[in-house]
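Worth knowing before you read on, the calculation uses all heavy atoms, side chains too, and leaves out hydrogens, waters and symmetry mates. Quantities reported herein were computed from a predicted structural model and do not represent experimental measurements.
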Amino acid sequence: PSRYLDDWLTDYQGDVKPSTALLYRQQTEMYIIPRMGTIKLQHLVTDNIQKFYHEPSRPKEDGGRSLSGKTVKNIHWIFHKALEQARENHIIPFNPSDACKLPRICKEEIKTLNETQAAAFLEKIQGHTHEYLFQIALFTGMREGELLGLSWNSVDLDHGKLVVRQQLCREKKKGGKYYISSPKNSKKRILALAPSVVRLFRCQQLKQNEDRLKAGESWKKTELVYTNPTGGYLSYR
């Protein structure tokens, strides 16, 4: 179904984020088309697809790394969605991936800094250009894109809370532009801020005001909490 998948990726991704559409294309071209692309769409059966899902997760004899259960699940999500569109378009009578069984997902334990490591980190970043950014990241647990996309109108320092309602993203291509998008899963959330974190935000305000005065007329009014020296988006680097 390689030709159909290419058409689906081109014509039916208007409702997803650009980064998600790029991920769909990468996963399709890397995994689905090489293994399933030569089979005619009408000849796809559940058994074909089940074997396709099972093969990448099977331990390799040469010791190479097999795909995780999560990756296989992501591949299934994309392939199932494409085949479901084919069913709705009456190209195939039913979706053969409906009955497939997916491997178990073993979640790895998240490794966080212990108290000694956190203290060493805080000591090392003293005086760094992005000291307040790093400190707030450590004390709030916010994701990178959420921090870089955080705007001042989402931070209530008087009541000690902030609303995570957007994130900064970058097009995944050479020279890709930055843009503001909804947070992961498109769900906003409210965080309570300790007084010490409120003080860090006030320090960031003072720092940004100094940058604004230095930049003068070249200052860009993005209203973001973290910006480059002229008020624009802060690069992921």
If Ile, Leu, Val, Met, Phe, Trp and Tyr residues are connected whenever their side-chain heavy atoms lie under 4.5 Å apart, and connections chain through other members, are [X] and [Y] in the same group?
{"X": "I33", "Y": "L23", "result": "no"}
{"X": "V163", "Y": "L191", "result": "no"}
{"X": "V198", "Y": "L200", "result": "yes"}
{"X": "L9", "Y": "L22", "result": "no"}
{"X": "I190", "Y": "F201", "result": "no"}

Between [X] and [Y], what is the shortest heavy-atom contact and its length?
{"X": "K207", "Y": "T129", "answer": "CE-O, 3.0 Å"}
{"X": "I49", "Y": "P96", "answer": "CD1-CG, 3.8 Å"}
{"X": "L148", "Y": "S235", "answer": "CD1-O, 4.5 Å"}
{"X": "T227", "Y": "L224", "answer": "CG2-O, 3.6 Å"}
{"X": "Q166", "Y": "G149", "answer": "NE2-O, 2.6 Å"}

Reported [atom1]-to-[atom2] distance for the pair [X] and [Y], which is rounded to 0.5 angstrom:
{"X": "S97", "Y": "I78", "atom1": "OG", "atom2": "CD1", "value": "12.0 Å"}
{"X": "T46", "Y": "K101", "atom1": "OG1", "atom2": "NZ", "value": "10.5 Å"}
{"X": "Y178", "Y": "L234", "atom1": "OH", "atom2": "CG", "value": "8.0 Å"}
{"X": "L168", "Y": "L150", "atom1": "CG", "atom2": "CG", "value": "11.0 Å"}
{"X": "T222", "Y": "I180", "atom1": "OG1", "atom2": "CD1", "value": "8.5 Å"}
{"X": "L41", "Y": "L5", "atom1": "CG", "atom2": "CG", "value": "7.5 Å"}

Check: [Y] main-chain N/O paired with [X] side-chain donor or acceptor under 3.5 Å:
{"X": "T140", "Y": "I136", "result": "yes"}
{"X": "E131", "Y": "G127", "result": "yes"}
{"X": "N48", "Y": "V45", "result": "yes"}
{"X": "Q204", "Y": "L133", "result": "no"}
{"X": "Q117", "Y": "N114", "result": "yes"}
{"X": "Q167", "Y": "S182", "result": "yes"}
{"X": "R165", "Y": "K188", "result": "no"}
{"X": "Y233", "Y": "C169", "result": "no"}
{"X": "S218", "Y": "A215", "result": "yes"}
{"X": "Y4", "Y": "A82", "result": "yes"}

Contacts of type salt bridge (charged side-chain N to carboxylate O under 4.0 Å, His left out), residue E210, not counting sequence neighbours: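 Per chain and number, E210 pairs via salt bridge (charged side-chain N to carboxylate O under 4.0 Å, His left out) with no residue.
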Take K81 and W8 through the test side-chain contact (heavy atoms from CB on, under 4.5 Å) and record every step on the way to the result. CA-CA 10 Å; K81 191 174 181 181; W8 176 74; 3.8 Å; yes
Describe, in one word, how the ring planes of F52 and F79 are oriented to each other, choosing from parallel (under 30°), tilted (30 to 60°) and perpendicular (over 60°).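 The rings of F52 and F79 stand perpendicular, inter-plane angle above 60°.
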Can you classify the ring geometry of Y53 versus H76 as parallel (below 30°), tilted (30 to 60°) or perpendicular (above 60°)?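 Plane angle over 60°, so perpendicular.
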Find out whether [X] and [Y] are in side-chain contact, i.e. whether some heavy atom of one side chain is under 4.5 Å from a heavy atom of the other.
{"X": "L102", "Y": "W77", "result": "no"}
{"X": "Q205", "Y": "W152", "result": "yes"}
{"X": "I92", "Y": "L44", "result": "no"}
{"X": "I91", "Y": "Q42", "result": "yes"}
{"X": "Q27", "Y": "I32", "result": "no"}
{"X": "R87", "Y": "E84", "result": "yes"}

With a cut-off of 6.0 Å (strictly less than), are more than 12 heavy atoms of other residues, nucleotides or ligands near [atom1] of [X]?
{"X": "K214", "atom1": "NZ", "answer": "no"}
{"X": "K73", "atom1": "NZ", "answer": "no"}
{"X": "E115", "atom1": "CD", "answer": "no"}
{"X": "E123", "atom1": "CD", "answer": "no"}

N89 versus Y12, side-chain donor and acceptor atoms under 3.5 Å: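 A donor-acceptor contact under 3.5 Å links the two side chains.
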Taking only residues two or more places apart in sequence, or in another chain, which ones meet R212 in a side-chain hydrogen bond (donor to acceptor under 3.5 Å, both in side chains)?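 In terms of side-chain hydrogen bond (donor to acceptor under 3.5 Å, both in side chains), with neighbours along the sequence ignored, R212 is linked to N209.
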Which residues pass the side-chain hydrogen bond (donor to acceptor under 3.5 Å, both in side chains) test with E29, not counting sequence neighbours?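 Expected list: R25.
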Let's go through E223 and N153 carefully: what are the C-alpha distance in whole Å and the side-chain angles of both, what is the deciding distance for side-chain contact (heavy atoms from CB on, under 4.5 Å) to 0.1 Å, and is it a yes or a no? CA-CA 8 Å; E223 303 302 329; N153 63 9; over 6 Å; no
Regarding K51 and D47, does a basic nitrogen lie under 4.0 Å from an acidic carboxylate oxygen?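 Yes, this pair counts.
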I'd like to know whether D211 forms a side-chain contact (heavy atoms from CB on, under 4.5 Å) with W219, so could you lay out the CA-CA distance, the side-chain angles of the two residues, the decisive distance to 0.1 Å, and finally the verdict. CA-CA 9 Å; D211 289 340; W219 182 261; 3.8 Å; yes
Tell me, with the steps shown, if H80 and D98 meet side-chain contact (heavy atoms from CB on, under 4.5 Å). CA-CA 7 Å; H80 181 273; D98 278 340; 2.7 Å; yes
